[in-house]
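For reference, the structure is listed below as C-alpha cells.
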Amino acid sequence: MESAPDSLETVQTSSVSHDDYQKTADWLMSQTKHRPQVAIICGSGLGMLADTLKCQDSFAYSDIPGFPQSTVQGHAGRLVFGELKGKSCVCMQGRFHMYEGHSLLKGVYAMVGGPNFETIAEARLLHRLGVDAVGMSTAPEVVVATHCGLRVFGLSLITNKDSDSVNHEGVLEVGRLRSHTVQQLVTELIGRMEINNNNTNNAA
Ligand SMILES: O=P(O)(O)O[C@H]1O[C@H](CO)[C@@H](O)[C@H]1O
Ligand SMILES: Nc1nc2[nH]cnc2c(=O)[nH]1
C-alpha cells in the first residue's frame with residue numbers, strides 16, 4: 001500500500017494555468033525528439049514499465065520546470081520518453097494523488113439563488129458540505145441540457161475566494177482579465193471535441 005506524505009509540509013497545492021502547462025510542455029518538447037502517441041502512468045510498484053522503452057530520454061520531475069513533485073515512497077519521480085513496439089510513448093514513473101494536495105481543479109459547484117451573494121457564514125457552511133465553488137447559475141442549465149440528452153461540460157471561472165468583498169463589477173473585471181485564457185481553453189476544448197450527430201443519444 002502506498003504511504004501518504006508524512007506531514008502537511010510536503011503537500012503541494014496545484015493551481016496551474018493553461019500557460020503554465022504550455023511552458024512545461026514546450027520545455028519537454030525542446031528536450032526530446034519523442035512525440036508520444038501513448039502515455040502511461042505507472043502506479044505504485046509499476047515504475048519498471050518504463051524500462052521496456054527503447055531509445056529513452058529520461059527527466060527527473062525535479063528538473064522539469066513547473067512539474068509537480070512525487071512525494072510517495074517508491075515513486076521514482078521520473079518522466080521517461082521512449083519507443084515501444086514502434087510507438088512513441090511516455091511513462092510517468094510516479095503519479096500524483098489527491099492526498100498529496102493535487103487536484104484536477106475539478107470540484108463541486110453549488111448554486112445559490114441570488115441575486116445577493118451568500119454571507120460568509122453561508123459560504124462556510126457550503127464549504128463544510130464539500131462545495132468548492134459557488135455561483136448563481138449553471139445548475140438549472142445542466143439539468144435541462146441533460147434532460148435534452150446533451151453532453152455537458154461545466155466550466156466556471158473562479159473570480160473570488162470568498163463573498164466578503166465581492167461585487168458584480170469585480171466579477172466582471174476578473175472575467176475581463178482572464179478572457180484570453182478562457183478563450184484559449186474553450187477554443188482548445190472545442191477543437192478536441194468529437195461531435196456525435198446522433199441526436200437521440202448524447203449529441204454534443
Ligand atoms: O451569472 P453567472 O455567469 O453565473 O456569473 C456570476 O456572476 C453573477 C454575480 O456577480 C452571478 O450571476 C454569478 O453566478
Ligand atoms: N453565489 C456567488 N456567485 C458568484 N459569482 C461570482 N462570485 C460569486 C460568489 O462569490 N458567490
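Throughout, numbering of the chain's residues begins at 1 and tracks the sequence.
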Working note: Leu155 + Val186, criterion side-chain contact (heavy atoms from CB on, under 4.5 Å); need CA distance, chi angles, decisive distance, verdict. CA-CA 9 Å; Leu155 174 68; Val186 173; 3.9 Å; yes
Distance-only, no hydrogens or angles: does the Thr24 side chain make a donor-acceptor pair with backbone N or O of Asp20 under 3.5 Å? yes
Heavy-atom donor-acceptor pair, Gln56 side chain to Ala50 backbone, under 3.5 Å: yes
What's the shortest heavy-atom distance between Cys91 and Leu53, and which atoms? SG-CD1, 4.0 Å
Below 4.5 Å, heavy atoms only, C-beta onward: do Leu126 and Val112 meet side chain to side chain? yes
Please give me the minimum heavy-atom distance between Gly130 and Val108, naming the atom from each residue. O-CB, 3.5 Å
Counterpart residues, side chain to side chain donor-acceptor pair (under 3.5 Å), relative to Glu122 (two or more places apart): Thr119
Between the side chain of Thr32 and the main-chain N/O of His34, is any donor-acceptor distance below 3.5 Å? yes
Under a 4.0 Å threshold between the charged nitrogen and the carboxylate oxygen, would Arg178 count as salt-bridged to Glu173? no
Are any of the side-chain heavy atoms of Val182 and Leu157 separated by less than 4.5 Å? yes
Over all atoms of both residues, closest heavy-atom pair of Gln93 and Cys42: CA-CB, 4.4 Å
Considering all heavy atoms, the nearest Asp132-Gly107 contact: OD2-CA, 3.1 Å
Is there a side-chain contact between Ile64 and Leu28 (heavy atoms, below 4.5 Å)? yes
Heavy atoms of Val166 and Val171 approach each other most closely as CG2-CG2, 3.6 Å
Output all residues satisfying side-chain contact (heavy atoms from CB on, under 4.5 Å) with Ser62, sequence neighbours left out; order by chain, then residue number. Ala60, Gln69
Partner of Met92 under side-chain contact (heavy atoms from CB on, under 4.5 Å), chosen from Val80, Ile40, Leu49, Leu79: Leu79
Under-4.0 Å salt bridge between Glu188 and Arg192: yes
Roughly how far apart are Thr187 OG1 and His180 NE2, rounded to 0.5 Å? 9.0 Å
Give a yes or no answer on whether the side chain of Arg95 reaches the backbone of Ser70 with a donor-acceptor pair at less than 3.5 Å. no
Check for a donor-acceptor pair, side chain of Asp57 on one end and backbone N or O of Phe81 on the other, with a separation under 3.5 Å. no
Heavy-atom check, side chain of Val134 versus side chain of Glu118, under 4.5 Å: yes
So, using ring-ring contact (aromatic ring centres under 6.0 Å, His included) as the criterion, who are the partners of Tyr61 when residues are at least two apart? Phe67, Phe96
With respect to Thr146, which candidate in Val143, Val144, Leu150, Val142 satisfies the side-chain contact (heavy atoms from CB on, under 4.5 Å) definition? Val142
Roughly how far apart are Arg35 CZ and Ser88 OG, rounded to 0.5 Å? 8.5 Å
Would you check if the side chain of Tyr109 reaches a backbone N or O of Ser137 as a donor-acceptor pair within less than 3.5 Å? yes
So, the side chain of Glu83 versus the backbone of Lys54: is there a donor-acceptor pair under 3.5 Å, distance only? no
So CD1 of Ile190 and CZ of Phe153: to nearest 0.5 Å the spacing works out to 11.0 Å
Nearest atoms (heavy-atom pairs only) where Asn116 meets Met136: O-CE, 3.7 Å
